[in-house]
Structure formats: structure tokens, C-alpha cells
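In what follows, a structure is listed as C-alpha cells, so that the remarks can point back to it.
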Amino acid sequence: MKYSKFEEKVWLSSPTMHGEEQEFVQEAFDTNWVSTVGANLTELERILTEYIGCNYAVALASGTSALHLAVKLADVKPGDLVFCSDMTFAATVNPVSYEGGKQVFIDCERDTWNMDPNALRKAFELYPETKAVIVANLYGTPAKLDEIQAVCQEYGACLIEDAAESLGATFRGKQTGTFGTENIISFNGNKIVTTSGGGALLTDCKEDADKVRFWSTQAKENFPWYQHEEIGYNYRMSNVLAGIGRGQMLHLNEHIELKKKIFMRYQEGLKGLPISMNPYLPYTEPNFWLSCLLIDRESPVTPDQIRETLAEYNVESRPIWKPMHMQPVFQERHFVQVEEQAVDEDIFARGLCLPSDIKMSAETQDVVIDMIKDLF
Ligand SMILES: *Cc1c(COP(=O)(O)O)cnc(C)c1O
């Protein structure tokens, strides 16, 4: 082997803690607010509304639970169709099934690797009654959110923005997680900031925020006894974990800067190879959560070759999200595309997520870049 194996694994994206997180957690212990009420929760929600620029944030147990409640707010009923990003993590689309809805998967475009507004329009022409759309901002890159918003408005559909991967990214200067009627973020361990596990629903609508608080804490009506008129959920975030989030939010901008440096270093280092990086629109600022490469069609090198080589040296990389319409569990769902060959199948075949951990040193990254270069 030309290089020596890294003693410590080089991760795709792992949690980065700073110290303040533990102080806020300690505060929860000291005051004995260790359950689902307390100052960390209130503060985290306030910080989120301020940072993102929305009226309400409700901290929940996960991004997935936030999406589930967003789907409920959109009034998705058994048999209802929901248009969903196709190339994304399964968590974007699973909540539709929790409510008995049926996903219709929408192909992506090449400019951002996100939902293609033209394919979305075609889907509405096929199924104009569709009530909801879920769009994800892949790897921290904003989708063509203005166009998607416009198509949704035209057809009177509710837009749910899955900003789980894009916290801190902006579209024409506006934060992602504000373009939908309902929006969600995730604090899962591999995301740009984490609470170990957690998420939040973001909205400008007070009734919706109140409803989500109500559903997420077992739908207890305002009676002395436990009175239930609706089905509830145990989806609230713990005040202990909210403390981690409070500490992490102090470092979100710093994490974004480091992620961007990693992206730029790949872009520079891989220049001259038959490779391009995951693209973004000039009027958007991604959070650069994951750096990905796309190998030119003519090149004989495959993403698997790169992935397997890096793995030999203890470096983690990962295939692009396998499109949902290719997943066995969704094989009966419709898929809408506008190009002859599905764009996302093509990106899946030629793309790879590169190690983007902000604790990776520049020296380590340079070795990773050299390893990739050697394959070409
Ligand atoms: C991580 C992620 C989610 C789910 O978030 P959890 O907090 O892990 O439940 C949803 N959508 C996308 C696109 C994600 O990457």
C-alpha cells in the first residue's frame, strides 16, 4: 500500500462538541429539569427562531417526528398522494406512509441535485388534486425553492421543506427552513449541529405550532384529568438534549465555515480530474454539510472503486442517497421524470459522498485527495 492506514478513522461527518454543551446539560441536572420542560428547551427554540427568521420553532425528538407532524398538519389522509424528493434519505418520505399516504417521487435536476420544478409541474398535471409536497435540500444545498414554492402555490398545495441537512444554508439570503408552510430541521448525530438525536418543526403559523406542541406531548386536553380527543405522540425533545443543542448553536456558523473550507479544498485538489463537485446555484449559500463528487461519464473509474480504496485506509465515504423509486419498499410508487434517463439514477451511479468531518485536518484531507488522484 502506498499510504499508511489512518489510525483514527476519517469520518464522513461525526459530532463535534465544544464544551458549552455540557454546561447547559449540567444546568438541566442542577435545576432538576431533566424531562421535556425547561430553560434549555425554551432557549433553544428562541435561538432557532432568531437564527432562522421564523415565528415558531418546536423542538422534537427527531427530524423524522417533525416531518410526521408536518405531514399531519398538511392533512394527509389514507390514500392521499404526496409529491416527494426522490434522491434523499428515507426519513424524508417515510412519514407519508405513517399517515397512509402514497408518495409520488419526483426526479431531481442537475443544477442542485434537488427536486426538479419541471418534474414537479408535470406531476401536478398528472395528479392536480395532490395536497402536499416534501422537498429536501440535499447535502446542505438549497433546492430551487422559489420555483417549487410557486408551483405549489399555483396548485394550492402545502409545501413541507425538509431542511434536515441544510441548517444555516441560504437561498437569495433567506434561510432554508422558511420556504415551506411547515419546515423541519434535524439534530441527528451526523448533521451540521447535533443534540445526539433531535429535530424541530419551524413555522410562521401560531395554530400549527400550538398543534405540534399538543400532539407531541400526548394530546392532553386542558382538563384536570387526562382527557383525550385526538391521538397523541411522545415526540417532545428532552430538556437535557436541548442543552446540547444550545451549546452547538453557538458554533453553527463556525461549523459551516469549516465545511465550506473542506468543500473548496476538494474542489481545488481534484481539479484536472474528470470529476465535478456537487453543484449549487450562484445565489444560494449551502452549508456544505457533505462534499460529494461526480465522475464524468467517459471515465472508467467508478465511485465504488474510490470508496473501496478509501476504506482500505480507514477513510469513510458513502454512495449518494439511493433514489426512493429504486427502493424495494417503494417499488409500487409512481416516479415522475422529465428527462429520458432519470437524472437521479445517473447521479447515483456516478456520485460519491466524501469524508466531510470538520475534525479532519487539511493534511489528512490532502492525503485523501491524493488517494483519489492516484486512481485516475
Ligand atoms: C437526517 C435526515 C432526516 C431525519 O432526521 P432525524 O433527526 O434523523 O430523524 C430527514 N431528512 C433528511 C434529508 C435527513 O438527512
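One-based numbering, in listed order, for ligands and for the atoms of each. All residue numbers in this chain count up from 1 along the given sequence.
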(request) Record the part of Ala164 in heavy-atom contact with ligand 1 below 4.0 Å; permitted values are side chain, backbone, both and neither. (result) side chain
(request) Please state whether the rings of His255 and His18 are parallel, tilted or perpendicular, taking 30° and 60° as the class boundaries. (result) tilted
(request) Take the angle between the ring planes of Tyr155 and Phe124 and call it parallel below 30°, perpendicular above 60°, tilted in between. (result) parallel
Looking at [atom], what's its closest protein heavy atom, distance included?
atom: atom 1 (C) of ligand 1; answer: Lys191 NZ, 1.5 Å
atom: atom 15 (O) of ligand 1; answer: Glu165 OE2, 2.6 Å
atom: atom 8 (O) of ligand 1; answer: Asn188 ND2, 2.9 Å
atom: atom 9 (O) of ligand 1; answer: Thr64 OG1, 2.5 Å
atom: atom 11 (N) of ligand 1; answer: Asp162 OD2, 2.7 Å
atom: atom 5 (O) of ligand 1; answer: Ser186 OG, 3.2 Å

Would you check the N or O atoms of [X], main chain and side chain alike, for any that come under 3.5 Å of an N or O of ligand 1?
X: Trp289; value: no
X: Gly63; value: yes
X: Thr88; value: no

(request) Begin from the C-alpha positions of Tyr233 and Trp215 and carry the test ring-ring contact (aromatic ring centres under 6.0 Å, His included) through to its verdict. (result) CA-CA 6 Å; Tyr233 302 85; Trp215 281 335; 7.4 Å; no
(message) Check contact between Gly198 and ligand 1, using heavy atoms of the residue and a distance below 4.0 angstrom.
(response) yes
(message) Once salt bridge (charged side-chain N to carboxylate O under 4.0 Å, His left out) is applied, what residue pairs with a partner in residues 170-183 remain, sequence neighbours excluded?
(response) Asp146-Arg172
(message) Could you work out, with side-chain contact (heavy atoms from CB on, under 4.5 Å) as the rule, every residue matching Phe330, not counting sequence neighbours?
(response) Val93, Asn94, Ser97, Gln103, Phe105, Met324, Gln327, Arg333
(request) Search all heavy atoms of Leu352 against all heavy atoms of Ser317 and return the closest pair with its distance. (result) CD2-OG, 3.9 Å
(request) May I ask you to list the atoms of ligand 1 that are less than 4.0 angstrom from any heavy atom of Ala91? (result) 3 (C), 4 (C), 10 (C)
(request) Flag yes if Leu41 and Leu69 sit in one hydrophobic cluster, no otherwise; membership is Ile, Leu, Val, Met, Phe, Trp, Tyr, and two members link when side-chain heavy atoms are under 4.5 Å apart. (result) no
(message) Checking Tyr313 against Tyr3 for the ring-ring contact (aromatic ring centres under 6.0 Å, His included) test, could you report, in this order, the C-alpha distance in whole Å, the side-chain angles of both residues, the deciding distance, and whether it holds?
(response) CA-CA 8 Å; Tyr313 295 107; Tyr3 305 91; 5.7 Å; yes
